[in-house]
Amino acid sequence: MNKGIFVFIEQREGTIQKVAFELLGKANELAETTNSQVTAILLGHEIASQGEHLIHAGADEVLYVDSQDYQHYVTEYYTQALTAVIKEHEPEIFLFGATAIGRDLAPRVSARIHTGLTADCTKLEIDEETGLLFMTRPAFGGNIMATIICPEFRPQMATVRPGVMQVLTLDESRQGNIKKFYFQLIKEKNKIEIIDIVHESKHKINIEDAKILISGGRGVGSKENFNKLYDLADVLDAEVSSSRAVVDAGWQDRQRQVGQTGKTVRPNLYFACGISGAIQHVAGMEDSDLIIAINKNSESPIFEVADVGIVGDLNVILPKLTEALKVKLNEK
Ligand SMILES: Cc1cc2nc3c(=O)[nH]c(=O)nc-3n(C[C@H](O)[C@H](O)[C@H](O)COP(=O)(O)OP(=O)(O)OC[C@H]3O[C@@H](n4cnc5c(N)ncnc54)[C@H](O)[C@@H]3O)c2cc1C
């Protein structure tokens, strides 16, 4: 048995972030291939009760640093703790979410440990022949997929894009150890002080959790015309998302952008309305369960990933579809 797969558990104000559960799901799968264990690394204050949840979500063991210094993310403190964890336990693999925190933390840890790090991976697998972690990420604006290995140094480190990996179904019968991890924090090295934490006041749009997305592209034509998408979204209890072209044109908020530089989504149903299907867009939605594309150009690449394709003008089709669905759903 090798020394295992470690997962950094990101918490914000004591709430474990969804990406941590996604990583535990992936780590669990990798651990089966390598016959190793999954260890969740949780840093925080008085949140030990969350440990069990992590076990149910796929961890075999939780290492927990409990201190007021760890209540909020501080680059230096977190880096010191993870560096100490790695030196003591020498894991094979260490995974982070590619969030603002993960992207700040992972490079610092990898530099101190002197090991390799691949950023923003969308695919991870163990190579059967070598046992190495194959870390795949889009590169050069998504035009190529690069698979990167770290043969010499340990741990093999990666940040993983949120929304790509699957969360395991919680298994309450899973058992595991929750252990405190102790080490000597050197506070003098810290150069950052948190003065205030400000919450974004505007309504947060969460397209990643929507079961149905009505997504619009440049073909929608204008900001006002998005009302046709909102009308359909109302009937289906769906959320509206968009391509980047729409965000760049100022028709939609960036929080709604799907794609390589936006969010990765995996709804049950994705409507692509007036979206051409550029690779950078498709990268963020191709794993949707069912894709319905409406586009007036039958040659559009979106039809290559669509399960159902409708060639026509969305200005005609969307209102008709909305009306028809209203009638159908009222019949029930
Ligand atoms: C580094 C990099 C990162 C990027 N990241 C992203 C990203 O995260 N997300 C993203 O979406 N893009 C991203 N892009 C941009 C991407 O390459 C495309 O430019 C963009 O996705 C195009 O958006 P679109 O499909 O809305 O527009 P267009 O490509 O202009 O397509 C509009 C479509 O609407 C159709 N249409 C027009 N009128 C109608 C009508 N009345 N009815 C029906 N159909 C109609 C047209 O046939 C066409 O297919 C990125 C690009 C780069 C270089």
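When a ligand or atom number is given, it counts from 1 through the structure's own listing order. Computation of the quantities below employed the complete heavy-atom set of this structure, encompassing side-chain atoms and omitting hydrogens, waters and symmetry-equivalent molecules.
Checked against a 3.5 angstrom limit, the closest N/O atoms of Leu314 and ligand 1 fall inside it. Between Gly274 and ligand 1, an N or O atom pair is found at a separation short of 3.5 Å. Taking any N or O of Gln260, backbone or side chain, at least one lies under 3.5 Å from an N or O belonging to ligand 1. Between Val258 and ligand 1, an N or O atom pair is found at a separation short of 3.5 Å.
Atoms of ligand 1 lying under 4.0 Å from any heavy atom of Gly217, numbered from 1 in the order shown and given with element: 26 (O). Of all atoms in ligand 1, numbered sequentially from 1 with element shown, those under 4.0 Å from a heavy atom of Asp313 are 40 (C), 41 (N), 42 (N).
Two residues are said to be in side-chain contact when any heavy atoms from C-beta on lie closer than 4.5 Å; Ile9 and Leu54 meet this criterion.
Judged by distance alone, the side chains of Glu29 and Thr33 never bring a donor and an acceptor atom under 3.5 Å apart.
Using the six-membered ring where Trp is involved, Tyr73 and Tyr78 have ring planes that are perpendicular, over 60° apart on the 30 and 60° scheme. Ring geometry for Phe183 versus Tyr70: interplanar angle over 60°, hence perpendicular rather than tilted (30 to 60°).
When the options His281, Arg218, Lys296, Arg244 are ranked by their closest heavy atom to atom 38 (N) of ligand 1, first place goes to Lys296.
Leu232 and Val316 fall into different hydrophobic clusters, where Ile, Leu, Val, Met, Phe, Trp and Tyr are joined by side-chain heavy atoms under 4.5 Å apart, directly or via other members. Leu117 and Ile126 fall into different hydrophobic clusters, where Ile, Leu, Val, Met, Phe, Trp and Tyr side chains are chained together by heavy-atom contacts under 4.5 Å.
Contacts between Ala278 and ligand 1, counted as non-hydrogen atom pairs separated by less than 4.0 Å, involve the side chain only. When non-hydrogen atoms are compared, ligand 1 lies under 4.0 Å from the backbone of Ser276 as well as from its side chain.
For Phe96 and Phe94, the ring centers sit closer than 6.0 Å to each other.
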